[in-house]
Amino acid sequence: MLKHVLSLAAWSPCPSHAQIPPASLQRFLTFNAMRIHAACRNAKTWKIRWEEEQHANGVKWQQLEHRGPYFAPPYERLPRGVSFYYNGKPMRLSPATEEIATFYAKMLDHDYTRKAIFKKNFFCDWTEQMTSEERKKIKQLDKCDFREIHDYFVERQEAQKALPKEEKQKLKKEAERIQEEYGYCTIDGHREKIGNFKTEPPGLFRGRGDHPKMGRVKKRIMPEDVIINCSKGSKIPKPPPGHKWKEVRCDNSVTWLASWTENINGAIKYIMLNPSSKLKGEKDWQKYEIARCLKGVVGKIRAQYRADWKSKEMKKRQRSVALYFIDKLALRAGNEKEEGETADTVGCCSLRVEHLRLHPRMGGKENVVEFDFLGKDCIRYYNLVPVEKQVFKNLQLFMENKGPGDDLFDRLSTSTLNKHLQDLMEGLTAKVFRTYNASITLQEQLDALTNEDDNVSAKLLSYNRANRAVAILCNHQRATPKTFEKSMQNLQAKINVKRDQLCDAKLELKKAKADSRCKRDVKSKAALEKKQKHVEKLEEQLEKLVLQATDKEENKQIALGTSKLNYLDPRISVAWCKRFCVPIEKIFNKTQREKFAWAIDMADEDFVF
DNA sequence: AGAATGACTTGCTCCAAGGGAG
DNA sequence: CTCCCTTGGAGCAAGTCATTCT
């Protein structure tokens with residue numbers, strides 16, 4: 001009860017409360033505001049509440065004050081002894097040309113510098129920045145020798161690592177100071193952490209996969225590029241001496257504090273709040289509430305798209321099959337992309353004929369669809385999926401008279417699909433299916449896999465397995481860590497040692513038993529108990545190690561982080577922890593607990609997604 | 001209608017800090 | 001205490017989707 005009273009007081013607009021509460025209290029209060037909000041759900045729908053409370057006119061905040069971005073340090077020239085060579089001869093470069101040369105030099109060991117497109121783009125952009133004399137001289141990249149510059153940076157990095165303790169302390173202190181000064185803002189009277197308060201440093205653009213723009217020069221961001229967003233009455237951040245902001249505006253319908261346009265794709269980059277902030281937390285919560293709404297209507301929606309598989313309208317048929325994929329396989333929507341501007345990747349709506357193969361019969365199954373395409377971040381999606389007869393027939397129809405490069409769903413776009421979804425349920429879009437299916441899968445898997453009588457380590461393995469099921473569904477992959485084999489061997493070695501120890505301990509226990517039986521005194525009995533305990537402890541440790549090894553092996557190429565952070569309603573995990581007496585720290589680390597503070601505060605053990 | 005723009009979420013990789021084993 | 005390995009978190013690219021422009 002007291003909690004509620006406190007929270008209301010703290011969130012009242014009274015300016016006397018506008019000082020900063022201690023972080024923990026602040027968090028507590030913040031999320032209690034949402035708990036009250038949650039309690040209102042019964043009276044009015046949550047949807048109506050949002051619109052009334054905070055989204056009226058798209059207003060996200062009343063007051064916002066911050067220090068502006070922290071800029072990347074200016075370029076420092078190379079020492080005289082470190083030189084660039086052209087055609088074997090040392091050459092002193094102009095500052096701008098030299099700076100770009102160092103970007104390339106630093107990457108010499110990387111595979112990127114072996115790719116033709118990377119080299120071509122780099123050389124093209126580099127040449128553009130050169131003085132006319134430099135341009136006349138430097139004609140070919142193969143004649144450029146960056147090795148000395150490269151070695152210089154390697155050495156410098158090593159020197160940095162080898163710095164004495166006090167020096168490192170000093171650097172750390174300085175970083176903390178910067179974080180303290182630039183890393184926080186005040187929003188509606190509350191001090192909140194900023195997510196990314198530094199501008200991106202200049203360098204060479206590295207796309208993922210076969211990106212046509214890899215190697216292009218990312219320009220240095222200057223205050224003159226930056227738009228500041230803050231509230232009218234607040235202290236406007238000062239630009240660095242001698243500089244001006246591009247613009248200072250006051251737009252409280254958006255959540256960013258500063259922005260600039262990046263020169264490679266012309267995209268806008270933003271400085272925004274940390275996930276631990278109230279603003280982000282509420283947004284996250286809303287996302288899961290929409291997904292929970294889908295739970296209520298998904299049966300109906302499924303029935304409808306199945307019916308549409310037989311529609312006379314081609315558009316509807318395509319839409320219904322696409323939606324089936326999005327629902328069943330958790331595919332992304334798949335917006336169109338500008339050709340030649342980005343790597344060639346696809347999602348559901350942008351699938352092409354070449355990305356599927358139809359197998360009427362395969363491996364004892366009928367109507368198997370073989371998917372093979374590059375998805376977001378050029379991660380391969382490969383899956384063999386038996387589908388309903390009608391879907392299979394439709395796919396054959398969609399692929400008729402088309403070349404491999406033609407769109408599978410030529411009558412469908414993400415915007416028409418999303419418009420349709422919006423009609424089925426307010427707030428419904430393609431990506432809600434991913435959130436919904438991920439969260440519901442976690443819940444089902446946890447129910448199926450958790451054994452109440454297990455110890456904590458075994459329960460954790462169950463949790464990770466449930467998490468893994470979701471990651472597999474969402475195709476969240478990772479490169480096998482470079483040290484994987486080695487650390488697996490280490491773990492195995494540890495297990496072997498533990499086994500031997502246990503064996504020895506058991507032997508000793510036997511001896512102690514015999515000894516105690518024969519002597520029947522207090523001392524030998526105590527010794528026996530001690531040995532007994534030792535064996536139990538070792539058994540427990542061994543089991544834990546074996547579980548760890550299993551978990552590690554199963555997780556070799558699967559990334560759990562993305563689903564944990566973005567797709568799984570944290571309240572499911574919180575409830576599971578409470579129900580099975582697993583400390584929340586075992587599931588969520590500090591950062592995750594901060595991000596999910598709302599859920600930790602809100603969910604009790606019988607929360608159901 | 002559909003292209004362009006803007007805002008915000010999602011996603012993977014890399015690397016240094018720090019924690020545990022020896 | 002040192003070393004080594006794991007993990008946290010920074011970094012930033014690349015998606016989604018609504019809105020605005022033409």
Side-chain angles (χ1 to χ4, degrees), chain A residues 58 60 72 110 157 160-161 168 171-172 175 179 183 195-201 203 205-209 211 213-214 218 227 229 251 253-256 259 261-262 264-275 279-280 283-284 286-287 326 331-338 341-343 345-350 374-379 413-419 421-422 427-435 438 471 474-479 481-484 486-491 493-494 497 548 552 558-567 588-592 594-595:
Chain A
K60 310 266 162 69
H110 206 286
Q157 200 175 12
Q160 187 79 9
K161 261 187 216 157
K168 280 190 178 167
L171 288 172
K172 204 177 153 190
Q179 164 77 40
N196 57 324
F197 58 89
K198 292 175 178 170
T199 61
E200 290 172 18
F205 176 82
R206 316 137 93 118
R208 295 195 217 280
H211 197 115
K213 296 186 178 181
M214 63 168 82
K218 241 173 78 164
I227 302 173
N229 192 28
D251 181 355
S253 71
V254 296
T255 66
W256 52 269
S259 72
T261 303
E262 149 267 350
I264 304 288
N265 301 299
I268 308 170
K269 299 268 186 165
Y270 301 95
I271 287 185
M272 285 184 186
L273 294 176
N274 188 274
L279 199 69
K280 292 282 190 190
K283 212 64 200 306
D284 211 29
Q286 287 167 8
K287 176 181 77 185
I326 286 170
L331 299 191
R332 297 186 188 83
N335 285 312
E336 287 110 296
K337 300 169 78 184
E338 225 174 316
E341 294 290 298
T342 58
T345 63
V346 296
C348 185
C349 294
S350 50
L374 295 183
K376 183 176 177 179
D377 291 317
C378 290
I379 299 295
S413 72
T414 50
S415 69
T416 55
L417 176 65
N418 278 333
K419 267 196 199 100
L421 293 176
Q422 194 64 235
L428 186 61
T429 63
K431 89 188 184 87
V432 178
F433 280 88
R434 239 166 114 81
T435 313
C474 295
N475 200 38
H476 291 143
Q477 298 187 23
R478 62 166 182 175
K482 287 189 186 91
T483 55
F484 186 84
K486 206 174 135 202
S487 66
M488 204 65 210
Q489 278 169 12
N490 285 349
L491 196 53
K494 261 197 208 165
V497 169
Q548 235 179 58
K552 203 184 182 96
I558 297 170
L560 300 184
T562 301
S563 53
K564 206 177 202 177
L565 239 45
N566 301 301
Y567 288 104
F588 294 145
N589 67 31
K590 185 168 152 278
T591 319
Q592 290 162 345
E594 278 166 13
K595 167 167 173 156

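Below, chain A is the first sequence line, B the second, and so on; all start at residue 1.
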- Task: Return the value, rounded to whole Å, for the distance between atom NZ of Lys595(A) and atom P of dG11(B).
- Result: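 One finds 11 Å between P of dG11(B) and NZ of Lys595(A), rounded.
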
Polar pairs (N or O, both sides) under 3.5 Å between protein and nucleotides 15-20 of chain B?
{"residue": "dA16(B)", "atom": "OP1", "partner": "Gln157(A)", "partner atom": "NE2", "Å": "2.9"}

Of the listed nucleotides [options], the one nearest the side chain of [X]:
{"X": "Ile268(A)", "options": "dG6(B), dG11(C), dC12(B)", "value": "dG6(B)"}
{"X": "Thr345(A)", "options": "dC8(B), dG15(C), dG6(B)", "value": "dG15(C)"}
{"X": "Lys218(A)", "options": "dA14(C), dC12(C), dA18(C)", "value": "dC12(C)"}
{"X": "Lys337(A)", "options": "dG11(B), dG15(C), dT16(C)", "value": "dG15(C)"}
{"X": "Glu200(A)", "options": "dT16(C), dA14(C), dA13(C)", "value": "dA13(C)"}
{"X": "Ile379(A)", "options": "dC17(C), dC12(B), dT10(B)", "value": "dC12(B)"}

- Carboxylate-amine/guanidinium contact Glu200(A) Lys269(A), below 4.0 Å: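 Answer for the salt bridge query: yes.
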
When we call it a touch if two heavy atoms are under 4.0 Å apart, what does [X] touch: a base, just sugar-phosphate, or nothing?
{"X": "Tyr270(A)", "value": "base"}
{"X": "Asn335(A)", "value": "base"}
{"X": "Glu262(A)", "value": "nothing"}

- Task: Can you check whether any acceptor in the base of dT10(B) is under 3.5 Å from a donor in the side chain of Lys431(A), or vice versa?
- Result: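 Side chain to base: no pair present.
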
- Query: Does a nitrogen or oxygen in the side chain of Lys287(A) sit under 4.0 Å from OP1 or OP2 of dC8(B)?
  - Reply: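 No, outside the criterion.
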
- Message: Can you see if the side chain of Lys269(A) gets near the phosphate of dA7(B) - specifically, an N or O under 4.0 Å from OP1 or OP2?
- Response: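 No, Lys269(A) has no side-chain N/O under 4.0 Å of OP1/OP2 on dA7(B).
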
- How would you list, by chain and number, every residue that makes a salt bridge (Lys or Arg N to Asp or Glu O under 4.0 Å) with Lys590(A), sequence neighbours excluded?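 Result, salt bridge (Lys or Arg N to Asp or Glu O under 4.0 Å) vs Lys590(A): Glu594(A).
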
